[in-house]
Amino acid sequence: MEILEPIIVLTLFASVCGALLGFAAIKFKTEGNPIVDQINGLLPQTQCGQCGHPGCKPYAEAISKGEAINRCPPGGEAGIKALAELLELEILELDESCGEETRPRVAYIREEECIGCTKCIQACPVDAIVGAAKLMHTVILSECTGCDLCIPPCPVDCIDMPFVETTSDNWRWAHPNKAAPSNKKNDSLIDVKLVS
Amino acid sequence: MSNITEIVKDSNIVKFAEHKIPGGIHPAEFKSLSNQQPIKTLPLAQELIIPLTNSDHISGELQVNIGDQVSNGQLILASATETMASNIHSPCDGTVLEIDKKNTGHPSSLPLAAILIKQDSKTPQSTGIKKATRLQTNKTNRNWISATPQEIIERIHQAGIVGLGGAAFPTHTKFQTSLGKVNTLIVNAMECEPYITCDDRLLQENSSDILLGALITAKAVGASKILFGIEDNKPEAIANLKNEITSLIKSNYNYDKKNYQLPNIEIVIAKAKYPSGGEKQLIQLLTGREVPQGKYPAELGILVQNVATLYAVNNAVVHDINLTQRLVTITGDCVPQPGNYWIQFGTPISHIIDSLQIDSGDIPHVIFGGPLMGVAISDFNVPTQKSTNCIIFDSNEKLLNNNQEDSHSACIRCGECESVCPVSLLPQQLFWFSQSEQWEQLENQDLFDCIECGACTYVCPSIIPLVGYYRYAKSEIKYLDAKNKKSELAKKRFENRENRLAKIKAEREEKRRKTAEARKLAALNKEQDPDGKKSAIQAALDRVKNKKEQQS
């Protein structure tokens with residue numbers, strides 16, 4: 001009969017623990033997959049689809065299921081490095097079949113040529129193009145991610161993708177021990193006229 | 001320095017600073033090059049380039065157009081009171097030739113918005129205006145005593161005054177944020193950087209105006225105490241200022257005693273040491289208190305103003321003169337007549353070279369500011385602006401402390417930089433982290449508290465451009481922050497769009513389902529009642545039934 005006491009005590013203890021764990025599992029349930037959110041946080045959110053997925057989040061989900069981390073050209077080398085660090089993977093070279101890493105760019109609609117077909121508006125993954133049917137469209141520069149997705153649907157090819165111009169606002173001090181990057185004017189830049 | 005001890009002896013106005021700041025250096029001063037000559041006025045340039053902004057945006061409304069005739073002191077850019085911007089006035093009589101982007105001395109040498117004015121030589125020297133209005137009666141001199149703080153601040157805003165110590169922060173904004181919080185006005189007359197002597201010279205010749213400016217400022221922000229902080233290497237300025245204060249206190253009866261109480265005025269002398277003229281360093285020297293991280297001096301009840309700013313305040317409030325010129329130290333071994341000159345804003349360097357016969361043939365760049373914190377300018381079309389307190393024309397290319405070298409020796413961990421840092425940071429750690437681009441560590445090490453004074457660079461035996469590394473790290477961190485913010489925004493907008501599209505799709509599905517059901521029902525009805533007679537009879541019966549019910 002001596003054995004009964006520990007059995008009861010242990011059973012009670014186990015059931016209390018079980019109840020607590022069960023409660024915690026319901027109460028503190030994590031919505032979604034936290035690792036996907038972490039990966040998504042490291043992706044550049046250009047939503048360009050160069051990785052073959054319809055946006056950054058789907059790619060983050062694919063990575064969490066084992067897809068290669070080197071398929072994001074806008075994220076570039078720094079992005080791959082950050083992903084490798086997070087997932088404890090080897091640093092890879094950028095997969096060139098997806099595209100090349102370039103300087104940041106923005107879409108620019110040549111407004112006099114725009115026919116107002118709204119096709120680019122539908123293609124833009126971040127709603128950065130405004131306009132209405134048969135009316136001129138334009139890009140909200142501060143919201144454009146430079147993803148290129150508006151270019152193929154345009155029937156009159158009136159969208160350019162110039163590099164983001166270096167201005168006094170986004171200009172950065174050069175590394176003191178590397179040759180200073182030239183501030184040469186790029187030919188593909190838009191000439192911004194002064195609004196007085 | 002026996003002179004100084006004599007000034008301080010038996011005086012209750014002048015005293016020595018009781019507190020200290022950590023670190024600091026004692027570079028060769030080169031001040032006697034330019035502080036012995038009386039102030040002169042530089043002849044007006046033919047064409048003046050007036051910068052409209054220091055960034056990509058013009059915060060204000062342009063008041064002139066190309067071809068317009070402008071007069072000296074006329075408003076050309078009106079800023080709103082609430083913005084962190086100041087009014088800009090024409091520095092001369094003339095015609096607006098261009099409104100365009102020009103190199104105005106931004107460290108990136110990128111062109112920024114500016115106005116080009118061709119001076120009209122028919123009118124007399126524009127600088128004459130200062131003296132003409134100066135002769136006004138004492139009556140106007142007293143107006144400020146009955147003025148409300150808001151009236152004084154508004155006048156300062158109109159006159160386009162900014163901090164002339166070098167930071168060019170709008171003075172009216174600084175006053176506005178200090179209003180009601182401040183009990184002490186500290187006047188910054190330290191001028192601790194080598195070569196620069198414009199504040200020294202201004203005090204030697206115009207200390208009464210500066211004193212009046214200080215009184216007006218104290219009245220505007222409600223300060224009951226004025227402390228002049230000055231280094232012991234300016235005995236003439238201290239003596240002059242002391243005399244002015246003594247006679248002011250004696251003549252206190254001239255002021256309207258009912259409405260005005262003279263603040264308590266003192267001169268505090270500090271041992272010359274760089275960078276004791278930094279705003280936070282000066283407060284620490286004079287009061288022993290440190291401005292908390294991320295806070296403004298107003299939190300300690302203190303407002304700091306540079307002497308040149310107070311001179312401009314006096315000009316604006318008492319003489320109604322808008323800020324269109326400033327005292328600039330022109331010095332260096334290439335200048336035959338180094339000294340301090342009144343120079344209109346917008347005067348190109350090339351004009352200064354011509355009128356002072358400066359031998360600029362061999363120098364690759366001039367230095368705007370001092371040798372420790374200044375910037376190298378190699379385009380001689382760059383104009384002077386409100387923040388330009390000194391221009392150095394020197395044949396020594398290495399004079400500029402922070403100038404970027406192509407290569408430097410390795411850090412030997414000697415620790416010299418740590419002993420001279422006035423903010424008690426660990427410059428060596430900051431350097432290592434900047435070099436290895438560990439941004440988070442840099443923020444933990446309070447990189448953003450660095451005032452970029454250059455003391456660490458000055459003492460570094462390996463000639464490492466330390467400040468260059470800190471500037472690089474700061475701008476990289478800011479860039480990455482902006483990039484993260486942008487990608488956050490893109491993520492949110494993408495998700496919003498996905499949700500919206502999903503909702504539209506679901507609604508469409510629902511609609512399709514409903515129409516399909518209706519069609520199915522109709523088809524079923526048709527099967528049972530091919531030519532619709534049954535339903536017509538049923539409908540008629542229903543109508544009769546309804547009618548009967550209504551009647552009864």
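In what follows, chains are A, B, ... by sequence order, proteins preceding strands, each numbered from 1.
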Problem - Residue pair A:Pro44 / B:Ser487: nearest heavy atoms and the distance that separates them - result: O-CB, 3.2 Å
Completion exercise
Residues of residues 115-138 of chain A with a heavy atom under 4.5 Å from any heavy atom of chain B, in residue-number order, are A:Gln122, A:Ala123, A:Cys124, A:Pro125, A:Val126, A:Asp127, A:Ala128
Practice task
Report, as yes or no, whether the 6.0 Å neighbourhood of atom CD on A:Glu77 holds more than 12 heavy atoms from other residues, nucleotides or ligands.
Solution key: no
Handout entry: CZ on B:Phe494 to NZ on A:Lys57, rounded to 0.5 Å
Key = 9.5 Å
Handout entry: Options B:Lys492, B:Lys483, B:Arg500, ranked by heavy-atom pairs under 4.5 Å with chain A, top entry
Key = B:Arg500
Completion exercise
When rounded to the nearest 0.5 Å, the distance separating OG of B:Ser55 from CG of A:Asn170 is 11.5 Å
Practice task
Kindly say whether B:Asp56 contributes a backbone atom to a donor-acceptor pair with the side chain of A:Thr167 at under 3.5 angstrom?
Solution key: no
Practice task
Please answer whether the main-chain N or O of A:Trp173 pairs with a side-chain N or O of B:Ser475 as donor and acceptor at a distance below 3.5 Å.
Solution key: yes
Exercise for the section: Would you indicate whether B:Arg413, at its atom CZ, is surrounded by more than 12 heavy atoms from other residues, nucleotides or ligands within a distance under 6.0 Å? Expected result: yes
Handout entry: Crowding at CG, A:Leu20 (>12 non-hydrogen neighbours, <6.0 Å)
Key = yes
Handout entry: Close side-chain approach of B:Tyr469 to A:His175, heavy-atom, < 4.5 Å
Key = yes
Handout entry: Residue B:Pro111 versus chain A: region with a heavy atom under 4.5 Å
Key = neither
Practice task
Mind checking the NZ-CG spacing from B:Lys491 to A:Asp37? Nearest 0.5 Å is all I need.
Solution key: 6.0 Å
Exercise for the section: Using a heavy-atom cutoff of under 4.5 Å, enumerate the residues of residues 84-102 of chain A that contact chain B, numbered in order, or state 'none'. Expected result: none
Exercise for the section: Answer yes or no: are there more than 12 heavy-atom neighbours, outside B:Glu61 itself, under 6.0 Å from its atom CD? Expected result: no
Problem - Residue pair A:Asp169, B:His57: steps toward the side-chain contact (heavy atoms from CB on, under 4.5 Å) verdict - result: CA-CA 9 Å; A:Asp169 280 358; B:His57 315 283; 2.9 Å; yes
Exercise for the section: May I have the step-by-step check of side-chain contact (heavy atoms from CB on, under 4.5 Å) for B:His106 and A:Trp171, ending in yes or no? Expected result: CA-CA 10 Å; B:His106 190 272; A:Trp171 171 81; 3.8 Å; yes
Handout entry: Heavy atoms of other groups near A:Lys81 NZ, more than 12 under 6.0 Å
Key = no
Problem - Under 3.5 Å donor-acceptor, B:Lys486 side chain and A:Gln45 backbone - result: no
Practice task
Identify which part of B:Asn54 has an atom lying under 4.5 Å from any heavy atom of chain A, answering side chain, backbone, both or neither.
Solution key: backbone
Problem - Atom of B:Leu110, atom of A:Ser168 and distance for their closest heavy-atom approach - result: CD1-N, 3.7 Å
Exercise for the section: Heavy-atom distances under 4.5 Å only: say whether A:Ser142 touches chain B with side chain, backbone, both or neither. Expected result: backbone
